[in-house]
Undergrad: 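First the structure, then my questions, so here it is.
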Amino acid sequence: VGSMLYFVAEQELISYHTDLKKIDKIKPAEAEDGFSNVFALKGTVYVSTIKGITYQVDGNKLSLASISPIPTVRMVLPYGNQSLIMSEDHQFFLADQADSIREIQMEDVNYLKSGRVVTGAWVNERLLALGTLNGGVVFVNPATGKTEEIINYYSGLPDNEVFCMQADAEGNVWVGHEYGFSCIAPQLPFRSFNHYTGLSGNILCAKTFNDKVYI
């Protein structure tokens, strides 16, 4: 935020002033078990604790904060003038420049909860990729909550556990997992189905009949 960089560890929040080359450290309150997350929203920095309490960061001090109607913020993904916010219990909200925060009803919220969303990346204003701990990558429309596509082990991803994600300038999403990186191009029609359920052996030919593909 501005000239400030923030880093979070369980037992301290570290701020670095890039102009002054100055480092400050903030410890959690004695009643807290530790920090879990740091995020910025509309130019203000917040830190969440393991117990689910949100604090606003003001210099080297913390003050209790509340981001209504979000109980506990787990992840914030900014894009232009809007931000997607996810709570600890997998509720999703969209915040815009007008300071309004509205909840998004995700079409496959049960899949996202069971998969446990850990990271995300915007492709464009109408497409968002959510990386999960055991369900691969879910592409959703952030405006409507509609699932556009799920890319997991059965549709070409080497592993369902996503470590990190980053979108590039061409609309591709780079996914980090146990085996390295995979590049997903959601705008292109090419897909890999080598792990598809029920598909085994070497593919010899493919034929289309009555709108169905036979392998």
Side-chain angles (χ1 to χ4, degrees), residues 1 6 8 35-57 64-153 155 157 159-168 171-177 182 184-187:
V1 176
Y6 294 89
V8 69
F35 296 127
S36 64
N37 184 28
V38 64
F39 61 93
L41 186 62
K42 301 181 186 301
T44 302
V45 179
Y46 300 90
V47 63
S48 299
T49 66
I50 294 174
K51 289 184 177 180
I53 307 300
T54 301
Y55 292 88
Q56 181 176 329
V57 181
L64 284 172
S66 175
I67 304 176
S68 180
I70 308 169
T72 307
V73 175
R74 173 60 181 167
M75 181 177 68
V76 176
L77 298 174
Y79 182 79
N81 296 322
Q82 59 184 346
S83 297
L84 181 99
I85 307 170
M86 187 186 79
S87 69
E88 285 284 357
D89 56 354
H90 282 71
Q91 288 179 283
F92 294 86
F93 302 83
L94 199 62
D96 60 23
Q97 193 176 20
D99 290 335
S100 67
I101 298 178
R102 66 176 180 88
E103 186 173 0
I104 305 170
Q105 300 297 332
M106 291 294 185
E107 182 180 53
D108 288 310
V109 65
N110 290 331
Y111 184 88
L112 293 171
K113 283 183 177 181
S114 62
R116 295 183 59 191
V117 176
V118 292
T119 185
W122 288 82
V123 179
N124 54 54
E125 63 180 6
R126 291 294 179 181
L127 191 61
L128 176 73
L130 297 173
T132 69
L133 193 63
N134 53 43
V137 180
V138 182
F139 287 88
V140 300
N141 184 324
T144 64
K146 182 179 183 298
T147 300
E148 301 293 341
E149 191 171 13
I150 297 177
I151 302 293
N152 55 24
Y153 180 79
S155 52
L157 202 64
D159 197 296
N160 280 339
E161 184 180 6
V162 176
F163 294 160
C164 58
M165 293 197 309
Q166 180 68 46
D168 63 23
N172 304 312
V173 178
W174 294 82
V175 182
H177 44 68
S182 293
I184 302 175
Q187 311 297 339

Undergrad: About how many Å separate CD of Glu161 and NE2 of His177, when rounded to the nearest 0.5 Å?
TA: 11.0 Å

Undergrad: Which heavy atom of Trp122 sits nearest a heavy atom of Pro78, and at what distance?
TA: CD1-O, 3.6 Å

Undergrad: Could you pull out the closest heavy-atom pair between Ala40 and Val76, with the gap in Å?
TA: O-CG1, 3.7 Å

Undergrad: Measure the spacing between OG of Ser36 and CD1 of Ile53 and express it to the nearest 0.5 Å.
TA: 10.5 Å

Undergrad: So, Glu88 side chain and Arg74 main chain: donor-acceptor pair closer than 3.5 Å or not?
TA: no

Undergrad: Given the rule in the side chain to side chain contact (heavy atoms under 4.5 Å, CB included) test, do Leu128 and Leu77 qualify, once you have shown the distances and angles that lead to the verdict?
TA: CA-CA 10 Å; Leu128 176 73; Leu77 298 174; 4.1 Å; yes

Undergrad: Could you report the tightest heavy-atom contact between Tyr153 and Asn160, atom names first, then the distance?
TA: N-OD1, 2.7 Å

Undergrad: Can you check whether Gly171's main-chain N or O pairs, donor with acceptor, with Asp168's side chain at less than 3.5 Å?
TA: yes

Undergrad: Below 4.5 Å, heavy atoms only, C-beta onward: do Leu84 and Ile104 meet side chain to side chain?
TA: yes

Undergrad: When you look at Met165 and Trp174, which way does the side chain to side chain contact (heavy atoms under 4.5 Å, CB included) test go after all the steps?
TA: CA-CA 6 Å; Met165 293 197 309; Trp174 294 82; over 6 Å; no

Undergrad: Quick one: does Asn124's side chain have a donor or acceptor within less than 3.5 Å of a partner on Leu127's backbone?
TA: yes

Undergrad: Is there a side-chain contact between Ser83 and Phe93 (heavy atoms, below 4.5 Å)?
TA: no

Undergrad: What verdict does the side chain to side chain contact (heavy atoms under 4.5 Å, CB included) test give for Val138 and Leu112, after you've listed the backbone C-alpha separation in whole Å, the side-chain angles of each residue and the deciding distance to 0.1 Å?
TA: CA-CA 8 Å; Val138 182; Leu112 293 171; 3.8 Å; yes

Undergrad: Is there side-chain contact between Ile85 and Met75, with at least one heavy-atom pair below 4.5 Å?
TA: no

Undergrad: Test your reading of the model: is there a side-chain donor-acceptor pair from Thr132 to the backbone of Gly136, 3.5 Å cut-off?
TA: yes

Undergrad: Looking only at atom types and distance, does a side-chain atom of Asn141 sit under 3.5 Å from a main-chain N or O of Gly145, one as donor and one as acceptor?
TA: no

Undergrad: Taking the side chain as every heavy atom from C-beta outward, state whether Ser48 and Phe39 have any atom pair closer than 4.5 Å.
TA: yes

Undergrad: Rounded to the nearest 0.5 Å, how far does CD of Gln91 lie from NZ of Lys113?
TA: 7.5 Å

Undergrad: Do you know which two heavy atoms are closest between Pro69 and Ile101, and how far apart they sit?
TA: CD-CG2, 4.0 Å

Undergrad: Check whether Tyr111 reaches the backbone of Gly135 with its side chain - one donor and one acceptor, N or O, closer than 3.5 Å.
TA: yes

Undergrad: For side chain to side chain contact (heavy atoms under 4.5 Å, CB included), just list the numbers for Glu107 and Val140, CA-CA rounded to whole Å, side-chain angles, deciding distance to a tenth of an Å, and then say yes or no.
TA: CA-CA 9 Å; Glu107 182 180 53; Val140 300; over 6 Å; no

Undergrad: Taking the side chain as every heavy atom from C-beta outward, state whether Thr44 and Lys42 have any atom pair closer than 4.5 Å.
TA: no

Undergrad: Is any side-chain heavy atom of Val137 closer than 4.5 Å to one of Ile150?
TA: no

Undergrad: Is there a donor-acceptor contact under 3.5 Å from the side chain of His90 to the main chain of Val117?
TA: yes

Undergrad: Do the non-hydrogen side-chain atoms of Val73 and Ile67 ever get within less than 4.5 Å of each other?
TA: yes

Undergrad: Looking at CD of Gln56 and CG of Leu41, how far apart are the two atoms once the value is rounded to the nearest 0.5 Å?
TA: 10.5 Å

Undergrad: Given 3.5 Å as the limit, does a donor-acceptor pair link the side chain of Thr147 with the main chain of Glu149, or not?
TA: no

Undergrad: Contact between Leu94 and Gln82 at the side-chain level, heavy atoms closer than 4.5 Å - yes or no?
TA: yes

Undergrad: As an exercise, state the distance from CG of Asp89 to OG1 of Thr72, rounded to the nearest 0.5 Å.
TA: 7.5 Å

Undergrad: Between Asn134 and Ser114, what is the shortest heavy-atom contact and its length?
TA: OD1-O, 3.1 Å

Undergrad: Can you give me the closest heavy-atom contact between Glu125 and Tyr79, atom names plus distance?
TA: N-CE2, 3.6 Å

Undergrad: Please check if the number of heavy atoms outside Gln166 that lie under 6.0 Å from its CD is greater than 12.
TA: no

